[in-house]
Amino acid sequence: MTTALPMLSIGPHSVQPPVVLAPMAGITNAPFRTLCREFSGGKGLFVSEMITTRALVERNEKTMQLVHFDATETPRSIQLYGVDPVTVGKAVRMIVDEDLADHIDLNFGCPVPKVTRKGGGSALPYKRPLLRAILTEAVSNAGDLPVTMKMRKGIDDDHLTYLDAGRIAVQEGVTAIALHGRTAAEHYGGTADWDAIARLKEHVPEIPVLGNGDIWSADDALRMMRETGCDGVVVGRGCLGRPWLFADLVAGFEGTGAYAAPTLREVAAVMRRHAELLGEWIGDEARGVIDFRKHVAWYLKGFSVGSEMRKKLAISSSLDEMDAHLSELDLDQSWPVGADGPRGRSSGNGRVVLPDGWLKDPYDCSAVSADAELDTSGG
Ligand SMILES: Cc1cc2nc3c(=O)[nH]c(=O)nc-3n(C[C@H](O)[C@H](O)[C@H](O)COP(=O)(O)O)c2cc1C
C-alpha cells in the first residue's frame, strides 16, 4: 500500500517533501543552501540567514552579498529581521520591486541578549500590537510573495506568546508559521517541546504550521509530523557538517532507500566542495577557506582524526593546504556510530534580558526602542 506524500504549499510554491532548511546566521548562505539542495535533488525549501531590514534598505555591502542567490535556487527564500514596521515594509517592498526573492520569512525567534535587550527577536511577539503592525506592513507590501514567520514559544514559561502570535498571523494574512518549540529563556538547552507544535496546529488550522527543534535524522522528522500533526519540518543544527541530511529527509518522506552513512573520504570531498563554493561566492579563495573553518569540527564529528590534524584543518587558508591535510587523514573510516545525534549549540540560558518594564503590559509599546534594529545582517 502506498500512502500519499504530505503536501505543503507556501503560497504558490509547493514544497514536497515538506522539509525546510532552517535559517542559520553565518551558515545558510548560498553555498551551504546549494550543497543541501544538491543532496535533496532540488526538493525542499532553503532559507537564507537572517537579513536585517535596516541594513537591506540602506544597501549595506555585506547584506547585499547575503541576499545573493545561486542561479539554481528556486524558490528563493529570504529571512528578514526587523523591529520597525515602516522599515520592514520598505525592505519587503524593495525585495518585490527588485525581484530579490520568491518568499519572505520573518524572524521573531532570535534569543541573543543584544537583540532581546532592545525588545527585538523573541521578545517582540510579547508586544502584540507591534507584532501585528510589522505583519501588516510586511504582508501589504509583499504583493504576490508569500510571507511566513518563525518564532519561539515565548519569552519564558510564564510569558508564552505563540498562540496569540499565531492568531495574529492568521488575521494579518501570513501564509505559514514555523514554531521552534523552546522559549527564549531556554535558548538551545533541554529538549524542544513538540506538544507546543501540536497545540499551535490545533489553534491555527487555517494555515500550515511547520515544526522546528531537535530533528537530527529523517526518522525524527517523520516522528514530528506524526506526533504533532504539523504540515512540514524545519531542520537546523542537524545539517551542520551534514548537508546530506537533506538526502535522508527526502528518502525518509518518500520511503525510498537507506540513509547516508558517508565514509571519511566522501565527507572530505563534501568539505572540499563546501570550501570551494564559499570561495567562489565571496570571490576570494582564501576568505572562503577561512569562512569554512567554523564547519570543520562539525564535518569531522565522531571520526578518529587527531586534535593536531583538526587544528591544522581549522587554520588552513587555501584549498591546496586543505587538500594536503585532508589527504593525510585515514579516509577509509566508515561513518562513526553516534555521529547522527545532536550537534551545534546546546546551551541553556535561563534569563532573558529585556528592556525595563517590558513585561508589564503586552499592549503598551512605548518601551520599544528604534535601535533594536541591528545594523548588520547574519549576526
Ligand atoms: C548557528 C545558528 C544560527 C541561527 N540563526 C538563525 C537565524 O538567522 N534566524 C532564525 O530564525 N533562526 C536562527 N537560528 C535558529 C534555527 O533556525 C532553529 O530554529 C534552531 O536551531 C532550532 O532548530 P534545530 O533544533 O533543528 O537546530 C540559528 C541557529 C543556529 C544554531
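No hydrogens, no waters, no symmetry mates; every other heavy atom, side chains included, goes into these values. Atoms within a ligand are numbered from 1 in the order they appear, just like the ligands themselves.
- Under 4.0 angstrom from ligand 1, there are no non-hydrogen atoms of Y81.
- Near P23, with a cut-off below 4.0 Å to any heavy atom, the atoms of ligand 1 are 4 (C), 5 (N), 6 (C), 7 (C), 9 (N), 10 (C), 11 (O), 12 (N), 13 (C), 14 (N), 16 (C), 17 (O), 28 (C).
- Considering each of L240, I27, V235, N212, the one bringing a non-hydrogen atom nearest atom 19 (O) of ligand 1 is N212.
- Here R93 does not pair with E137 in a salt bridge; the nearest charged N to carboxylate O distance is not below 4.0 Å.
- Annotation: atom 31 (C) of ligand 1 to nearest protein heavy atom, R237 CG, 3.6 Å.
- Annotation for ligand 1: atoms under 4.0 Å from non-hydrogen atoms of A22 are 17 (O).
- Protein heavy atom nearest atom 5 (N) of ligand 1, with residue, atom name and distance: A25 N, 2.8 Å.
- Taking only non-hydrogen atoms, the option from R343, H180, M149 nearest to atom 22 (C) of ligand 1 is H180.
- In this structure, the ring of F46 has its center no less than 6.0 angstrom from the ring center of F69.
- Salt bridge K153/D195: absent, no basic N to carboxylate O contact under 4.0 Å.
- A salt bridge between R76 and D99 is present, with a side-chain N of the basic residue lying under 4.0 Å from a carboxylate O of the acidic one.
- Atom CG of residue L35 and atom OG of residue S40 lie 11.0 Å apart, to the nearest 0.5 angstrom.
- Annotation: cation-pi geometry satisfied between R152 and Y188 (NZ/CZ under 6.0 angstrom from ring centroid, within 45° of ring axis).
- Residue R182 places no N or O, backbone or side chain, under 3.5 Å from any N or O of ligand 1.
- Remark: minimum distance from atom 21 (O) of ligand 1 to any protein heavy atom is reached at Y188 CE2, 3.5 Å.
- Around atom 12 (N) of ligand 1, the closest heavy atom drawn from Q79, M50, M24, K150 belongs to K150.
- Residues H274 and H295 bring their aromatic ring centres within 6.0 Å.
- Only the side chain of R345 comes within contact range of ligand 1, with a heavy atom under 4.0 Å; no backbone atom does.
- Judged by the 6.0 Å distance and 45° axis criteria, R128 is positioned over the aromatic ring of Y126.
- Between W216 and ligand 1 there is no heavy-atom distance shorter than 4.0 Å.
- Using a 4.0 Å heavy-atom cutoff, G238 is absent from the residues neighbouring ligand 1.
- Atom 26 (O) of ligand 1 has as its closest protein heavy atom G236 N, 2.8 Å.
- The number of heavy-atom neighbours closer than 6.0 Å to CD of E98, taken from other residues, nucleotides and ligands shown, is above 12.
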